[in-house]
*Asks:* 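Just dropping this structure here.
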Amino acid sequence: MMVSMKARSPKSLPGADPVACKARIFPRFAWAALLVCAAAGCNQHPDAQFVQNRLRMAANEVPGDIQVQIAEILAAMFGTPNDPFVPPESGLDVDKLRMAAGPVWSDELGIKHGLYRRHCAHCHGITGNGKGPTAAFLNPYPRDYRPGLFKMKSTERAAKPTLDNLRAVLREGIAGTAMPSFKLLPSDEIDVLAEYVKYLSMRGQMEEALVRFWFDEVDAGELIPEIRDVLVDELFAPIASQWEQAYDAVVEPEPAALPGTERSRKELVASINKGRLLFHDAKKGNCMSCHGAGALGDGQVNDYDDWNKVVVEFEDNHQQADLRALDVLPPRTIRPRNLRLGVYRFGRRPLDLFRRIHEGITGTPMPSSKGTLTPEEMWNVVDYVRSLPYEEASRPRHMETSIERVRM
Amino acid sequence: MVSTERVAEIRSALAETASGNSADAEQTAATGTGWATLEGQFLFDQSDSPRPRQPLQITKDAAVCAPGGKAVLNQVMLVDPETRGIANVAVYLRKASRVHETVQPEAETVLFDQEQCIFLTHVMGMVVGQTIEIKNSDPIGHNTNISMSAGAGFNQTIASGDSTDYQPTREESLPAQVLCNVHPWMVAYILPRSNPYFAITQSDGNFRIENLPAGEELEFQVWHELAAGPGHTLVLDTDAAKALKWSRKGRFKLKLDPDETRPLTLEIPADAFQG
Amino acid sequence: MSGKFWAFWLLLVPILGVATMAAGPLYGIWFPRDVSAHGHAIDHLFYFILWLTGIVFVGTQLTLVTFVWKYQAGKRQTVEYTHGSHHLEVVWTILPAAALVFIAIYQMNAWAMEKMDRPPGKPLAEVTGRQFEWRVRYPGQDGELYTPDDIFDVNDLHVPVGEEVLLAVKSADVLHSFFLPNFRLKQDVVPGMKQFVWFTPMETGKFDVVCAELCGWGHYKMKGQITVESRSDFDAWLARRFEEQQATHETAGDEES
């Protein structure tokens, strides 16, 4: 703190008048700063818009006027991100959609609006295309709702998820992925979000149906007929009824084949051993062929799920494709699950694992084994899979050594 | 972006109850009388050579899938060396106003088998209503993954020596891809149609579709798994194709006279295919 | 601009500083409710330091204002040259040092209680911080973690009231910080380090678990909930969660599962 200072009288600096100097520099700087701020203008965001599925348009070589018409039809049938419209046949609740849609704000009562944008859009995108700003950094990518394919559900493979399934995903999140648990949201907000996901999925499916209709039925130079027979009865009604029938497609295991609730240790071990044999049986389910002989998920590492497969096929067919211009993330392979980690994306209950084996996983290479294994055999495999994380081979060795510091 | 007038216009159109417009439109297409036959051959361009057959990457179960260590070649582009005929081209009628009773398939089931890790029928046409019996004649398990449009589809494991039934409920406008995920080099195509007027070219490139409706304009779709058009439709702009009003979606039109057997031999340039 | 002008503005600093601190609690901007047995030790330390530094703060600011008011040089006055005061510098080094040493010793008990005196026994649960959630794992009937009867949950931690709770905390990926505001408990979880936290909840209710170490884009919403309930309720909840986890078929009222 001892500073030696040579005092200088202000008069000693040639031509310097400190007070006058300051008076000139400061206002100049201040005016310059004000001018820059004024030129920057107020922060005006353009309204959020749905984006079209450019990859599908490019793959089908849809001409520009049809693309415009499809955007117009979708706007008429589904509205905008701020102002949703509900086709009467969809069974959607427009009040819930209004709570989810639009910008994020809270009213005087503290009720939150714009829930989808608040919680979901930064990963799943405004259009529900799985390409929000955060999506590129996530592995696996967030779900693209537009094909109407969902992995996490309790229904048959080709069926849609029930609203309960969507709500369960929102509540529990998906272990092992970036999808968080929204358990702490009130249940009415979860209902609203599930409804909006369904709305975005229906909209995406309608877009796909319109492109397919154009490809199949519309002659060159003509437009898609904008009549109820086509747009609603032929194209939208099957989509709406698929969603409606989801509850009828829930997979319930046969009661007769259920494993008992109070099984002795011996029975459990016998079941696990049977499951192990079935897992490695190359003639039947051939589980180890993809999941690996060690169940580490290393048996088949270069396959794609349906969402990434369309991108790969497009790249194969169009060698010079610029994926970023088409608003598409670089395709990734899908690996079979490493069953030794004890991380289950769809729920860890025996029932959940049974459903995976019974129906497979929609949109992925995981097949259904319902033609190959009996329900008892499936429960054996479930027991085996559930025992895998606790096998000696599954314990990471480093937990035994002092590499992991135990503090205090 | 989208104008509010157009949105209002479409919404009011949708609010109108069924007007019967489309029903009228279908009836305006004139139907003829009598039946005719279309037969022909798809030939690969004389002046060029087709893509050579690459060996498949047999990454597992080599004892079954590549016995004796022999390389297995892919079936993506099969051109007969003598005739230059292209195999596995699908030619089919898009809409049939009427169907001759002899052309309706008698068999309720069609067999779709796989052996030595190859689907035995590379491109298979069938009629909606028939059942596909998917068979596994290998000593190891396979899964058969069929991707139909709009999320419909099928993916089940088939045990060795076993078979499973699958019945498509809708026709497809283009053949659906069939894969095995356990053995990812396995690929085939299935085409369910609502009318029986389809043909898949043989190894010499020949095809024949009998008893087609005569006296009316018929539109055919042409497809090949390596074609460069959208959805692998075969898009041609040769003079012969232009005479048939060949469209950018791989479709051509013609009108057959009753009892006619129309020959249709087309030379396909190499650039109609990818790669 | 004379010294008196600036002195007035400088006087606002201690006035506003004290006023906002005093007014905060009236607007709900103060501590969250403390429901733990030993949280008061942290609060006490906070108030002690607040008062000590507050008095010094007001004193130094008033001194500054006084000097600026009294000793402002007029325009075009020659500067007075001084070497400073060695005596003053010694004083204002020794006194703060002594105060800091005092504080360091004064808080040692609180630190030991919170961070060093780990209660014996096995942890009630293991909490793993993961981008961007808190994964909870209870040992189940056998009392051992990493056995087949473990019970899993996410963002939902239950503990019994009135008992000392020991939790093992770890990170699955990056730095997080396990922060229970209502228990005055915070522990950074470092990847590769296995740590323990302990506290004794005194009231039932639902409280926040938040992350207090920037861990990525989702850090702001990495929130969980800790439910304090009676021992019997806790045991019942745990048993119910175990049963749900073993389900082989849907039962009526499975809406929440």
Side-chain angles (χ1 to χ4, degrees), chain A residues 1-11 19 118-119 122-123 133-134 137 154 164 167-168 171-173 175-176 178-184 187 250 252-255 258-261 268 342 344 347-352 354 379 382 386-387 389-390 395 398-399 403-408, chain C residues 75-84 86 88-89 92-93 115-118 130-135 137 146-148 150 152-156 168-170 172 187 190 192-197 206 208-209 216-218 221-225 243-250 254-257:
Chain A
M1 279 198 277
M2 299 290 204
V3 177
S4 140
M5 212 181 349
K6 254 199 163 28
R8 274 263 195 103
S9 157
K11 284 201 166 61
V19 176
R118 180 189 288 266
H119 295 297
H122 60 88
C123 287
T134 331
F137 306 104
S154 60
D164 282 340
R167 287 193 274 255
R171 262 200 309 274
E172 300 296 327
M179 174 68 187
S181 154
F182 290 100
K183 195 179 289 207
L184 300 178
S187 62
V250 173
E252 288 289 354
E254 282 168 46
L258 288 175
T261 41
L268 181 60
Y344 306 105
R348 53 177 55 249
R349 304 177 302 171
L351 174 61
D352 301 317
F354 178 89
W379 287 115
V382 167
R386 292 182 83 227
S387 77
Y390 302 104
R395 289 186 186 283
H398 75 251
M399 272 169 79
I403 291 176
E404 186 183 78
R405 284 180 54 194
V406 179
R407 183 147 169 82
M408 311 292 192
Chain C
K75 283 198 173 121
R76 307 199 187 274
Q77 191 176 332
T78 53
V79 165
E80 202 178 293
Y81 184 71
T82 169
H83 278 285
H86 185 80
L88 207 51
E89 302 235 356
W92 70 41
T93 306
K115 299 284 179 189
M116 299 175 78
D117 297 338
R118 170 151 59 119
R130 182 183 170 266
Q131 284 174 329
F132 298 102
E133 56 193 10
W134 296 101
R135 296 230 148 234
R137 185 170 188 161
Y146 296 99
T147 54
D150 285 358
F152 298 82
D153 213 328
V154 63
N155 284 347
D156 191 10
V169 289
K170 67 190 240 287
Q187 176 60 54
V190 180
M193 250 195 222
K194 189 160 167 171
Q195 287 142 296
F196 296 90
V197 296
K206 291 189 199 289
D208 288 339
V209 179
W217 58 262
K221 53 175 176 174
M222 185 163 162
K223 194 168 132 175
Q225 188 174 78
E243 285 310 312
E244 283 170 4
Q245 213 174 270
Q246 302 295 106
T248 53
H249 55 283
E250 302 279 17
D254 247 354
E255 165 80 19
E256 293 311 305
S257 65

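Just so it is clear: chains get the letters A, B, ... in the order the sequence lines come, proteins before strands, and each one is counted from 1.
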*Asks:* Side chain from CB out, backbone as N, CA, C, O: work out which of these in A:H119 comes under 4.5 Å of a heavy atom of chain C, or both, or neither.
*Replies:*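 Interface part for A:H119: backbone (N, CA, C, O).
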
*Asks:* Chain A heavy atoms under 4.5 Å from C:Q225: which part of the residue, side chain, backbone, both or neither?
*Replies:*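 Both parts, backbone and side chain.
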
*Asks:* Should we count NZ of C:K221 as having more than 12 external heavy atoms under 6.0 Å?
*Replies:*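 Enclosed: over 12 neighbouring heavy atoms sit under 6.0 Å from NZ of C:K221.
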
*Asks:* The criterion is salt bridge (charged side-chain N to carboxylate O under 4.0 Å, His left out); which residues satisfy it with A:D352, sequence neighbours excluded?
*Replies:*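 Listed in chain order: A:R349.
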
*Asks:* To the nearest 0.5 angstrom, please state how far the CG atom of A:L351 sits from the NE2 atom of C:H249.
*Replies:*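 Separation between the atoms: 9.0 Å.
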
*Asks:* In chain order, what residues pass the salt bridge (charged side-chain N to carboxylate O under 4.0 Å, His left out) check against A:R118, with sequence neighbours excluded?
*Replies:*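 Per chain and number, A:R118 pairs via salt bridge (charged side-chain N to carboxylate O under 4.0 Å, His left out) with no residue.
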
*Asks:* Between C:T147, C:V190, C:D153, who has the most heavy-atom pairs with chain A when the cutoff is under 4.5 Å?
*Replies:*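 The residue among C:T147, C:V190, C:D153 with the greatest pair count is C:T147.
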
*Asks:* In terms of heavy-atom proximity below 4.5 Å to chain A, should C:K206 be classed as side chain, backbone, both, or neither?
*Replies:*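 Neither part.
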
*Asks:* So for C:D117, is it side chain, backbone, both, or neither that comes closer than 4.5 Å to the heavy atoms of chain A?
*Replies:*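 For C:D117, neither part sits under 4.5 Å from chain A.
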
*Asks:* Quick one: which of A:P259, A:A175, A:G173 has the most heavy-atom pairs under 4.5 Å with chain C, could you say?
*Replies:*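 Winner by heavy-atom pair count: A:A175.
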
*Asks:* Taking the side chain as everything from C-beta on, heavy atoms only, tell me whether C:P148 gets closer than 4.5 Å to A:Y390.
*Replies:*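 When only atoms from C-beta onward are counted, A:Y390 and C:P148 do touch, with a gap below 4.5 Å.
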
*Asks:* Assess, by modelled atom type and distance only, whether the side chains of A:R386 and C:Q246 contain a donor and an acceptor separated by less than 3.5 Å.
*Replies:*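 Short answer, yes.
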
*Asks:* Measuring only between side-chain heavy atoms, which start at C-beta, is A:W379 closer than 4.5 Å to C:T248?
*Replies:*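 Of all side-chain heavy-atom pairs linking C:T248 with A:W379, at least one is under 4.5 Å.
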
*Asks:* Passes side-chain contact (heavy atoms from CB on, under 4.5 Å), A:T134 versus C:W217? Steps please.
*Replies:* CA-CA 9 Å; A:T134 331; C:W217 58 262; 3.3 Å; yes

*Asks:* Report yes or no: does A:K183 contribute a side-chain atom to a donor-acceptor pair with the main-chain N or O of C:V154 at less than 3.5 Å?
*Replies:*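 Present.
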
